[in-house]
Amino acid sequence: MAIEDEIISDITAPQSGELSEHAKEYLSVLNPEQYEAVVHEGSPLLILAGAGSGKTRVITTKIAYLIGEKGVNPHSILAVTFTKKAANEMHERAIALEARAEFSQIKTFHSFGAWFLRVYAEDAGIDPNFTVYDDDDVVSLIQKAEPKLTKKEAAVYARKISLAKDYCLLPDSPELSMREEFLNPTDFAEVYALYEKRLRATGNVDFGDLILLPYLALKENAALREKMYHRFRVIMVDEYQDSNVAQFKLLEALSGLSEGSGTYVCVVGDDDQSIYKFRGAEIQNILNFPKIFSGTKIVRLESNYRSTSEILSLADNVISNNSGRLGKTLRAERGSGKIPVLAFLPNQDDEVHFCADLIQKSHEMGVPYADWAILYRTNAQSLGFESEFVRKKIPYQIVGSLKFYEREEVKDIVAWLELLANHKNEIAFHRIVNKPARSVGSKTQDSIVETARLSFQNDIIASCRERLPKLSAKAKSGISQFLEIIDEVESLFGEDTTAGGELANDVVSEHTDELKKRESKQTLAKLIEEIAKKSGLLAYYEERDKEEHTFRVENMQELANSAVPYPLARQGLLDFLDNIQLDRTLSTSEEEINPDSVTLITLHNTKGLEFNRVVMTGMEEGVFPRNGDDEEEMEEERRLCYVGITRAKNELYLTSCAVRRMYGHIEYMKCSPFLLEMGTEGIKAIGHKPSRYTNSSFHGGDYGERGLSHPDVESDPIKRKYTRGTKIFHDDYGYGIIVNTTITDEGEFGITVSFENSGIKRFLPKYQESQLMVVKE
DNA sequence: AGTGCAACTCTTTTT
DNA sequence: GAGTTGCACT
C-alpha cells in the first residue's frame with residue numbers, strides 16, 4: 001500500500017495569521033452560528049442543523065476553510081453522507097469553494113466501506129475482488145445455505161440478518177439472544193452463521209459487511225487503526241441522525257476518538273429528521289454524542305433559508321407533537337409567502353387529476369415543471385401519477401426507482417460481470433450458466449459448486465474445467481460452451497487480469513484509468529457488448545423482444561453505455577460494479593432525462609432535497625401515517641411528515657382522499673392525524689372537508705368520529721366572498737374585476753374576471769384559492 | 001427442460 | 001388486482 005503511505009507523509013503544517021481574501025468572502029455570507037461551526041476546532045463538534053439551515057454550506061465551507069486556511073491536507077479529509085446524490089453535491093460544492101477539495105474523500109458510508117475493503121482486503125480477511133450482493137442475491141444464498149427454506153422464509157432471515165449487521169451483531173454475539181426481534185425464527189442464529197460461512201466462501205460481501213467488516217478489521221488491528229489516524233485527520237458525517245450502531249462503531253474506530261488520536265470529528269444532523277429506524281438507524285447516536293465524547297461543542301443552526309414562514313409554521317405544528325426531542329425552533333428568514341393548500345378529494349383518481357391540473361395550469365403560466373415535486377409514502381402510489389402524466393404529456397422523473405437494475409436482462413449481464421470479477425460467485429454462476437439453455441440442469445450446477453468448495457477454494461470456473469470430462473454428454477457440451485465464452489470474454493482483459501485494488505477510487509487511479517482508456521480506446525462497454533453477443537443473451541432477448549414487444553436489448557445497450565467511462569480492465573470492472581451496486585437508486589445512465597420535469601418521489605427519498613412547489617399526497621390515516629397505533633412508529637412517521645413539509649420553498653399542497661382503492665377493495669379513509677396537528681389556521685382547505693377535520697380545530701387531540709363528508713357548508717362563504725364587482729388579484733394574471741358569476745353544470749361556483757393586462761378569464765374559485773386574493777380598497 | 005395454470009401474497013420506507 | 005411463486009404436465 002505504498003500509495004497510502006505516501007499520501008500521509010505530506011500533511012502541511014497549520015498556517016497562522018491572516019485569512020485569504022477568498023476565505024473572507026465565503027465566510028462573510030455565513031450567519032454567526034454557521035461561522036462558529038466552520039471555524040471551530042479543538043474538540044468534537046456536533047452541529048444540530050434544522051431543515052434548510054444551510055448545513056451543506058457549512059460542511060463544504062468547513063472543508064474549504066480547513067484546506068485553504070488551516071493547511072489541512074485534502075487527502076486527510078473524509079466526509080460521509082448517506083446517498084450518492086448528497087455526496088456528489090457536497091463534493092462539487094466543496095470543489096467550487098476550494099479546488100483542492102477534489103482530493104478529499106467525500107462519499108457515502110457504504111462506498112467508503114467498499115473502498116476500505118478493497119484497499120485493506122487482506123486485513124479484513126476477504127478477497128479484494130469481491131462484489132456486493134443485493135437483497136435478492138442474499139435471499140438466494142440463504143436458500144443455498146439452507147435449502148429447506150422457501151423463498152419467503154429466506155427473505156425473513158435476510159431482513160433480520162441485515163438488521164443484525166446494522167446493529168453490529170454477529171451470529172455468536174450474546175446480545176443476539178437478548179433482542180426480541182432475533183428470537184424467532186428460533187434458529188435465526190444458526191441460519192445466520194450458515195449464511196455467513198457460505199457468503200465468505202463466495203468471496204462476496206453484502207451491504208451490512210461494507211460497514212461491519214471495516215469496523216471488525218480496525219477493532220482487531222491496532223496497527224491498522226494507527227494507520228487510519230494518520231490517514232484521516234478530519235472526519236465529518238452528514239445526516240448523522242440516521243447512522244446505525246455499526247456506522248457509529250466504524251466512526252469511533254476510524255477516528256480513534258476514544259484513543260486520543262487527535263482526529264477532528266464533526267457530525268451534522270437533525271434529530272427531527274431521523275426516518276430510518278426500520279433500517280437500524282439509532283437515534284441515540286446523535287442524542288448521546290455529547291455524552292460519549294466529552295468536551296463536544298454543540299452548535300445549533302436554526303435559521304431556515306428555504307421555506308416561507310407559512311410552511312415552516314405547519315412543520316412546527318406537526319413536529320412539536322413529538323416527545324424526546326433535543327428541541328429546536330426554526331426561524332423563517334425568508335418571511336411570509338403563500339398560504340399552504342389542503343385539498344380534500346373524493347378518490348385517488350381525483351387526486352391524480354388535481355395534481356396534474358395544478359401542474360399544467362401553472363406551466364401554462366410559465367412555471368417550469370421542474371418546480372414541482374409529488375411526494376408519497378409508498379412507491380406503489382407513483383403508478384397513478386405516472387399514467388396520468390404520460391397521458392397529459394407532463395414530463396416526469398421518478399427518483400429512487402430501482403427498476404432498471406431489477407430488470408432480468410440487466411441482472412443477467414451484471415451476473416456475468418460479477419462472475420468475471422470473482423470466480424467464486426455462486427449466485428452469479430447459477431444465474432447465467434444455463435441462460436440461454438445449454439442443458440446444464442440444477443443437479444449439474446450444484447455438483448460443480450460442491451466440487452469448487454471441496455477442491456478449488458470455491459473457484460467455480462476451475463471446478464467446471466475439472467469436472468468437464470466426467471459430465472454427461474449433454475451437460476458436457478453445455479459446460480464446454482460456457483467455458484469457451486468465459487475464456488473469450490476474459491481474453492478481452494488482455495494482460496491486465498491481475499487482481500489488485502490498491503488504487504481504487506483514489507485520484508491516482510483516476511489518472512491511470514484515464515491513461516489506459518486513451519491508450520487502448522477500449523472501454524467496459526465493449527466487454528458488455530461482447531458478453532451479450534457471445535453468451536447468446538443478445539439473440540435470446542432479440543427473439544423475446546419480437547414476441548413480447550419489449551425493449552430488453554435496448555436496456556442491455558443502455559447498461560453498456562453507462563459503462564463507457566470505465567476502462568476495459570479489471571480495476572475498471574470493479575469500479576463499475578461498485579458504482580452500480582452502491583448506487584442503485586439513481587439511474588446511472590443519464591438517459592434523456594428531461595431537465596424540466598416533475599419529480600415523483602417517496603418521502604424518504606426527499607431527504608436533503610428542496611423544491612419550489614411540493615404536493616404531499618395521500619394524507620390519510622393508514623397511508624400516511626402508515627400505522628396509527630405504535631407511538632414510537634408514529635413519532636417516526638411524524639418526523640417523515642416534517643421532512644416532507646420542509647422540502648417546500650414557496651408553495652405547499654396537501655391532498656387527502658375520502659376513498660382509496662387498496663388491494664382490490666375500496667377503503668373509506670380517515671384524513672391523516674397530521675392534518676389535524678397542522679391546525680386549520682395556517683392552511684386553506686378546499687373540497688369536502690370531513691367532519692373529523694372541521695371539528696378538530698375546536699378541541700385539539702379529539703379527532704372526532706370517523707366520517708367522510710359533511711354537507712358542503714363552505715360554498716356559501718366562497719360565493720359571498722367572490723361577488724360581481726369585487727376587485728381581485730391573481731398570482732398569474734394580476735389585477736382584475738369579477739364581471740360575472742355562474743353555476744356550472746356540475747354545480748360548481750364559477751366567476752368571470754376581466755384582468756387589467758391579461759384579458760378575460762373564467763375560474764372555479766374553489767380550486768384557485770391559493771392563487772386568488774380579494775383586494776380590499 | 002420448458003410451459004402453463006392456479007394459488008397466493010402484497011404495500012413501507014433503502015444503502 | 002397484479003405480480004409472483006410453485007406445482008404439474010408435456
Side-chain angles (χ1 to χ4, degrees), chain A residues 80-87 107-114 132-136 138-139 143 150-156 158-159 162-163 165-166 205-212 238-239 242-244 246-247 250 273-281 375-384 399-402 405-406 408 434-445 474-475 478 540 544 547 578-586 601-608 618 620 622-628 630 633 636-637 639-641 643-644 660-667:
Chain A
V80 289
T81 68
F82 278 79
T83 68
K84 190 105 160 191
K85 199 170 182 177
K107 42 180 60 172
T108 64
F109 248 120
H110 291 268
S111 69
F112 170 77
V132 184
Y133 276 138
D134 68 17
D135 293 348
D136 285 346
V138 168
V139 171
Q143 275 188 293
T150 67
K151 192 159 193 172
K152 250 213 92 188
E153 289 164 332
V156 172
R159 209 175 322 124
S162 148
L163 204 56
K165 290 190 175 184
D166 288 342
V205 301
D206 59 24
F207 271 114
D209 285 342
L210 292 173
I211 310 298
L212 194 51
D238 190 17
E239 307 286 7
D242 282 322
S243 60
N244 60 37
Q247 285 161 335
L250 176 59
Q273 294 186 63
S274 171
I275 54 175
Y276 282 106
K277 187 170 193 288
F278 71 94
R279 207 174 76 188
L375 276 47
Y376 38 79
R377 179 67 233 278
T378 64
N379 279 307
Q381 288 167 259
S382 74
L383 268 171
V399 175
S401 158
L402 318 166
Y405 295 107
E406 274 176 358
E408 180 186 353
N434 196 37
K435 192 170 184 180
R438 296 184 188 88
S439 317
V440 181
S442 52
K443 271 191 169 173
T444 311
Q445 294 177 27
K474 266 188 180 174
Y540 173 76
R544 282 184 56 179
E547 286 168 9
D578 273 355
N579 195 53
I580 62 181
Q581 284 158 341
L582 300 180
D583 185 26
R584 314 175 61 71
T585 55
L586 295 168
I601 191 167
T602 63
L603 283 155
H604 280 87
N605 260 322
T606 61
K607 194 165 69 165
E620 299 131 37
V623 175
F624 186 38
R626 176 132 246 292
N627 340 277
D630 185 319
E633 279 180 39
E636 176 132 325
E637 297 277 321
R639 290 191 289 268
L640 191 55
C641 183
V643 167
R660 188 175 285 273
R661 287 182 77 84
M662 292 171 104
Y663 305 93
H665 290 264
I666 284 192
E667 296 278 339

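Convention: sequence-line order gives letters A, B, ...; per-chain numbering from 1.
Comparing A:S439 and A:R159 by the nucleotide of DNA chain B that holds the closest heavy atom to each, the one mapping nearer the 5' end is A:S439. In terms of position along DNA chain B, the nucleotide closest to A:G441 lies nearer the 5' end than the nucleotide closest to the other residue of the pair A:G441 and A:D166.
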Enumerate the protein-to-nucleotides 8-10 of chain C contacts in which both atoms are nitrogen or oxygen and the separation is below 3.5 Å.
none

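Atom pair A:Q247:CD and B:dT14:P shows a separation of 16 Å (rounding to whole Å applied). Between the CD atom of A:E636 and the P atom of B:dT14 there is a distance of 13 Å, given to the nearest Å. Note: NZ (A:K277) to P (B:dT13) measures 18 Å, nearest angstrom. A:D206 places its CG atom 19 Å from the P atom of B:dT14, with the value rounded to the nearest Å. For the pair A:E637 CD and B:dT13 C1', the computed distance is 8 Å after rounding to whole Å. Distance, A:D135 CG to B:dT13 P: 12 Å, rounded to whole Å. B:dG2 atom P lies 11 Å from atom CZ of A:R438, rounded to whole Å. Remark: P of C:dG1 and CG of A:L383 are 15 Å apart, rounded to the nearest angstrom.
The phosphate of B:dT15 (OP1 or OP2) has no side-chain N or O of A:N244 nearer than 4.0 angstrom. OP1 or OP2 of C:dG6 has not a single side-chain nitrogen or oxygen of A:K152 nearer than 4.0 Å. Proximity of A:N605 to the phosphate of B:dT13: no side-chain N or O atom is located under 4.0 Å from OP1 or OP2. For the pair A:T602 and B:dT14, the criterion of a side-chain N or O lying under 4.0 Å from OP1 or OP2 is met.
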Inset, instruction - Step by step, work out the side-chain contact (heavy atoms from CB on, under 4.5 Å) result for A:L210 and A:V132. - result: CA-CA 9 Å; A:L210 292 173; A:V132 184; 4.3 Å; yes

Legend entry - Candidate pair A:D166 and A:R279, rule salt bridge (Lys or Arg N to Asp or Glu O under 4.0 Å), full reasoning: CA-CA 7 Å; A:D166 288 342; A:R279 207 174 76 188; 5.7 Å; no

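Among the protein residues, A:Y276 comes within range of the sugar-phosphate backbone only, with heavy atoms under 4.0 Å from sugar or phosphate atoms but none that close to a base. Among the heavy atoms of the strands, none lies under 4.0 Å from A:G208. Nucleic acid contact for A:V132: none, since no nucleic acid atom lies under 4.0 Å from a heavy atom of the residue. If you check every strand for non-hydrogen atoms under 4.0 Å, A:F278 touches a base.
When the nucleotides B:dT15, B:dT14, C:dG1 are ranked by their closest atom to the side chain of A:R661, C:dG1 comes out on top. The side chain of A:K151 lies closest to C:dG6, out of B:dG2, C:dG6, B:dT14.
Side-chain contact check for A:D134 versus A:Q581: every heavy-atom pair is 4.5 Å or farther apart. Looking only at side-chain heavy atoms (C-beta outward), A:I601 and A:L375 come within less than 4.5 Å of each other.
Side-chain contact of A:N579 with A:K84: a donor-acceptor pair under 3.5 Å is present, judged by distance alone.
For the pair A:K607 and A:D242, the salt-bridge criterion is met [side-chain N within less than 4.0 Å of a carboxylate O]. The existence of a salt bridge linking A:E620 and A:R660 is confirmed by a sub-4.0 Å separation between a basic side-chain nitrogen and an acidic carboxylate oxygen.
Aromatic ring pairs are classed by plane angle as parallel below 30°, tilted from 30° to 60° and perpendicular above 60°; the pair A:H604 and A:F278 is perpendicular.
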